[in-house]
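Notes for the one structure printed next.
Residue numbering restarts at 1 for every chain, and letters A, B, ... go by the order of the sequence lines.
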Number of protein chains: 2
Amino acid sequence: MSIDPLSATFAALADPTRRAILARLAKGETSVTELAQPFEMSLPAVTKHLKVLERAGLITRSREAQWRPCRLAPKPLKDANAWLEHYREFWEGSFDRLEDYLADLQGQKRPARARKVPTPKKPKRGAHT
Amino acid sequence: MSIDPLSATFAALADPTRRAILARLAKGETSVTELAQPFEMSLPAVTKHLKVLERAGLITRSREAQWRPCRLAPKPLKDANAWLEHYREFWEGSFDRLEDYLADLQGQKRPARARKVPTPKKPKRGAHT
DNA sequence: TGGTTATTTTCCCACCTGGTTAATTACGCC
DNA sequence: GGCGTAATTAACCAGGTGGGAAAATAACCA
């Protein structure tokens with residue numbers, strides 16, 4: 001599995017069953033059986049999902065007699081959000097040089113768009129000193 | 001692959017290489033070769049990453065002579081953020097009944113925590129009518 | 001038409017994932 | 001100790017993913 005926590009978090013979130021589990025957990029701590037209730041899958045399958053969530057640090061588990069209740073843990077969600085936040089300016093419409101080539105898109109009939117592609121190493125053939 | 005877009009998005013974000021590609025793309029559209037530059041991996045490997053990102057709708061590709069420049073697309077990031085936002089109250093410290101059992105955690109020496117586990121089906125044995 | 005550059009496709013590999021069923025562990029209770 | 005409930009582990013399968021090397025495309029240039 002992924003070494004870095006952020007990858008583990010996103011990987012854990014990349015499954016509808018696990019997201020549903022988190023949604024349910026946001027309403028309060030529950031047992032595995034309770035958690036498995038709304039799904040069509042077997043209990044072991046749910047256990048595996050919980051393990052993924054636990055490895056990602058998204059849930060913590062305690063022991064209460066023979067129950068292992070799960071509780072939502074905030075940190076990974078917070079970290080994931082922090083990463084996304086980093087791009088907020090982007091999806092909200094105002095960017096760095098992004099608006100530059102967005103504007104460019106509008107007027108892509110103009111020959112001015114020639115600078116769009118950085119042309120990384122084209123002139124390497126004879127002038128790369 | 002995942003049918004639902006959100007899963008596809010999170011799955012795409014669950015890889016450091018792909019996140020690095022997005023970070024680079026946030027600074028401006030570039031070619032595949034340029035994008036592959038900072039990584040140790042082969043060009044085909046990068047192509048595959050781009051395909052994952054494209055399937056998730058995180059990038060769009062155009063054609064500029066023999067280059068297929070990639071551009072960051074905002075929607076999936078926005079949607080992922082919207083999903084996370086849903087939990088913001090949670091990681092920021094004030095929740096529904098969450099604060100209930102968080103407070104409970106603090107005083108877990110008190111026998112009051114007996115209600116912590118919902119005890120889904122325990123009393124079924126003789127008094128479940 | 002042939003050459004050069006950019007990128008993708010194909011085929012290969014090892015490994016993780018999501019699911020199954022069957023067996024096993026962990027408690028609490030009587 | 002033995003039963004019942006909660007949950008996990010084990011073994012297995014299909015399929016996806018991340019990587020590589022080599023070959024194939026695509027588009028421009030001369």
Side-chain angles (χ1 to χ4, degrees), chain A residues 1-4 7-8 10-21 29-37 39-56 59 61-70 114 116-128, chain B residues 1-4 7-8 10-21 29-37 39-56 59 61-70 114 116-128:
Chain A
M1 46 246 44
S2 356
I3 319 106
D4 70 300
S7 295
F10 281 133
L13 295 181
D15 183 286
T17 303
R18 287 195 291 264
R19 288 199 303 277
I21 288 176
E29 191 177 69
T30 41
S31 67
V32 177
T33 324
E34 181 75 8
L35 231 28
Q37 209 79 326
F39 306 110
E40 297 261 305
M41 67 188 70
S42 66
L43 218 35
V46 174
T47 295
K48 286 193 188 177
H49 280 302
L50 292 177
K51 216 174 264 185
V52 174
L53 290 170
E54 192 177 17
R55 264 193 321 215
I59 64 172
R61 321 201 53 181
S62 39
R63 171 165 275 287
E64 192 82 26
Q66 60 267 67
W67 295 273
R68 278 83 154 180
C70 306
K116 243 177 59 177
V117 166
T119 329
K121 255 107 204 179
K122 227 174 11 176
K124 187 171 53 180
R125 271 218 329 283
H128 77 300
Chain B
M1 44 246 45
S2 354
I3 320 105
D4 70 302
S7 295
F10 282 133
L13 294 181
D15 182 286
T17 303
R18 287 194 291 263
R19 288 199 304 277
I21 288 176
E29 193 177 66
T30 42
S31 66
V32 177
T33 324
E34 181 75 9
L35 232 27
Q37 207 79 326
F39 307 109
E40 296 262 304
M41 69 188 70
S42 66
L43 218 35
V46 173
T47 295
K48 287 193 188 177
H49 281 302
L50 293 178
K51 218 175 264 185
V52 173
L53 289 170
E54 192 176 19
R55 264 192 321 213
I59 65 172
R61 320 201 55 183
S62 39
R63 173 164 274 288
E64 191 83 27
Q66 60 267 68
W67 296 273
R68 278 85 156 178
C70 307
K116 243 176 58 176
V117 167
T119 330
K121 260 104 203 184
K122 225 179 7 184
K124 190 171 50 181
R125 269 217 331 286
H128 77 300

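- Proximity of Arg63(A) to the phosphate of dC27(C): a side-chain N or O atom is located under 4.0 Å from OP1 or OP2.
- For Ser42(B) and dG20(D), the shortest distance from a side-chain N or O to OP1 or OP2 is below 4.0 Å.
- When distances are taken from the side chain of Val32(A) to each of dT8(D), dG19(D), dT20(C), the shortest belongs to dT8(D).
- Of all heavy-atom pairs spanning Ala14(B) and Ala11(A), the tightest one is CB-N, 3.3 Å.
- With rounding to whole Å, Leu43(A) atom CG is found 13 Å from dG19(C) atom P.
- In this structure, Arg68(A) has no side chain to side chain donor-acceptor pair (under 3.5 Å) partners at least two apart in sequence or on a different chain.
- Where Arg68(A) and Met41(A) each meet DNA chain C at their nearest nucleotide, the meeting point lying more 5' is that of Met41(A).
- Look at CH2 on Trp67(A): it is 8 Å from C1' on dA6(D), rounded to the nearest Å.
- Nearest heavy-atom pair across Thr17(A) and Phe39(A) is O-CZ, 3.8 Å.
- Listed here is the closest heavy atom pair of Pro69(A) and Glu29(A): CB-CG, 3.8 Å.
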Protein N or O to nucleotides 9-11 of chain C N or O, pairs below 3.5 Å:
from: dT9(C); atom 1: OP2; to: Lys51(B); atom 2: NZ; distance (Å): 2.5

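- Remark: Arg61(A) is in phosphate contact with dT8(D), judged by side-chain N or O atoms under 4.0 Å from OP1 or OP2.
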Quick one: side chains of residues 44-51 of chain B, donor-acceptor pairs under 3.5 Å with protein atoms, not counting sequence neighbours, listed by atom name and distance.
from: Thr47(B); atom 1: OG1; to: Leu43(B); atom 2: O; distance (Å): 3.3
from: His49(B); atom 1: ND1; to: Arg18(B); atom 2: NH1; distance (Å): 3.2

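- Using a 4.0 Å cut-off, some side-chain N or O of Arg18(A) falls inside it from OP1 or OP2 of dG18(C).
- OP1 and OP2 of dA6(C) both lie 4.0 Å or more from every side-chain N or O belonging to Ser31(B).
- Within the structure, every side-chain polar atom (N or O) of His49(A) is placed at least 4.0 Å from both OP1 and OP2 of dT17(C).
- Candidate nucleotides dT20(C), dG18(C), dG18(D) were compared by shortest atom distance to the side chain of Asp15(B), and dG18(D) ranks first.
- Arg61(A) places no side-chain N or O within donor-acceptor distance of the main-chain N or O of Cys70(A), the cut-off being under 3.5 Å.
- To the nearest angstrom, P of dG18(D) lies 15 Å from CZ of Phe10(A).
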Between Asp4(A) and Arg19(B), is a side chain to side chain contact (heavy atoms under 4.5 Å, CB included) present by the stated rule, with each step listed? CA-CA 12 Å; Asp4(A) 70 300; Arg19(B) 288 199 304 277; 2.5 Å; yes

